[in-house]
Every structure is written in C-alpha cells, then in structure tokens.
Amino acid sequence: SQQGEEDPQALSIQEGENATMNCSYKTSINNLQWYRQNSGRGLVHLILIRSNEREKHSGRLRVTLDTSKKSSSLLITASRAADTASYFCATDGGSNYKLTFGKGTLLTVNP
Amino acid sequence: DAGITQSPRHKVTETGTPVTLRCHQTENHRYMYWYRQDPGHGLRLIHYSYGVKDTDKGEVSDGYSVSRSKTEDFLLTLESATSSQTSVYFCAISEELVFGANVLTFGAGSRLTVL
C-alpha cells in the first residue's frame with residue numbers, strides 16, 4: 001500500500017507563481033524525501049528532511065514536516081516553465097533503506 | 001542517469017514468455033531496487049537488494065524474481081509475462097549516508113508491453 005499520498009494530484013500555475021504540494025503518510029518515519037520526474041525520465045532526488053527537522057530550504061525549494069500530523073509540504077517559489085514535472089514524496093516507514101513513494105503531483109507551469 | 005543503466009529500454013513481448021530486465025551500476029552502491037510505475041499507482045517496490053545474493057520482496061513481488069550475483073548487476077525476471085505486468089520499470093541504487101538515510105538514484109526506465 002502507498003505510504004505517502006500527494007495532494008493535489010495536478011496543479012497548474014503561471015510562471016513566477018509559487019507552487020505548493022502536500023504529502024500525507026501513515027506510519028512513523030526516519031526521514032521524508034521529495035523527488036521530481038520529468039516526462040519520460042527517471043526520478044531525481046530534490047531534498048530530504050529528517051524526522052527531527054521542521055523546515056528545510058534548498059534554493060527555491062522549501063520543505064516542511066509536521067510529524068504530529070504525518071504530513072509534509074513542498075513549496076517551489078518563483079516557478080519556471082522548467083519546473084513542469086511530477087513531484088513525489090517518499091517515506092522510509094522506519095526502514096532506512098526501503099522507500100515508499102506516493103502517487104505524485106503533476107505540476108504544470110505555464111509560460 | 002549517470003552510473004546506472006537499464007536494458008532493454010523498450011520491449012514488447014507476448015503473454016507467457018519469460019522476460020529479463022537488467023540494471024547495471026558503476027557506482028559500487030550496496031542497495032539496488034526495482035520499482036514499477038503505473039498510472040494511478042505511482043511507484044511501487046517490487047524487489048530490492050542489500051548486497052550480493054541478498055534480496056528481499058517489496059509490496060508487489062508476485063510474478064517477479066530477482067538475482068544479484070555481482071555488486072554491479074541486478075536482474076528482474078518475469079518468468080511468464082502477463083498483461084498486468086505491462087508497465088514502466090525503474091531500477092534505483094543507493095548508498096547509505098552517514099546519518100542513515102538512503103537517497104535513490106534512478107535509471108531511465110524500461111518500458112515493457114505484454115500483448
């Protein structure tokens with residue numbers, strides 16, 4: 001069964017706007033990761049947040065984690081057309097080496 | 001996709017035939033994974049390996065077997081392909097980081113169609 005579930009399933013915004021995607025999960029975790037997948041390609045790691053962290057930044061990415069609500073959000077600021085992709089959260093369910101992915105959010109950034 | 005190669009990238013086969021997908025890495029990473037990606041299901045773990053000859057099942061392992069005789073190669077075999085195994089298959093590798101978290105590097109995917 002899917003550990004993480006992203007919301008919304010699809011998001012369409014204009015270039016320059018911010019995009020927020022959410023992830024909910026079911027069991028305790030050691031860390032949560034976000035990945036991006038461009039059409040027809042493999043997934044690429046974006047950012048990792050550990051269970052004892054509440055917020056993390058990397059360039060235009062900001063990730064928050066609320067372990068009490070078992071949820072995370074990914075914010076992409078000042079979006080660009082090149083950010084168009086599917087975004088997945090992945091959780092380890094307490095197992096460091098086995099990741100479970102959600103179904104993803106398809107982000108479309110219109111020029 | 002540097003350091004990880006999947007083959008074949010595309011394959012069309014018939015129901016009942018055996019199929020083997022190969023994942024080859026040049027990174028000497030310990031962990032290797034096979035996922036399948038289907039519309040509406042996201043990525044689901046089929047099997048994974050934590051060392052040579054050490055493998056374990058994921059959440060959708062029925063109908064699949066794996067082998068890892070060398071660090072660099074992880075093979076996924078469909079003994080008798082069925083139409084429900086039509087999917088895009090991704091191999092991934094990881095090396096445990098110092099704080100215990102594994103970040104996956106994915107291959108480009110193998111698109112399998114079973115007629």
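Letters A, B, ... mirror the listed sequences (proteins, then strands); counts begin at 1.
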Donor-acceptor side-chain pairing of A/T84 and A/T108 below 3.5 angstrom: no

Geometric class of the B/Y35/A/F101 ring pair [parallel <30°, tilted 30-60°, perpendicular >60°]: perpendicular

Contacting moiety of B/Q6, where chain A heavy atoms sit under 4.5 Å: neither

B/L45 portion near chain A, given a 4.5 angstrom heavy-atom threshold: side chain

Pair A/K98 + B/D56: basic N to acidic O under 4.0 Å: no

A/D83 and A/R60 ion-paired at < 4.0 Å: yes

Residue A/Q9 versus chain B: region with a heavy atom under 4.5 Å: neither

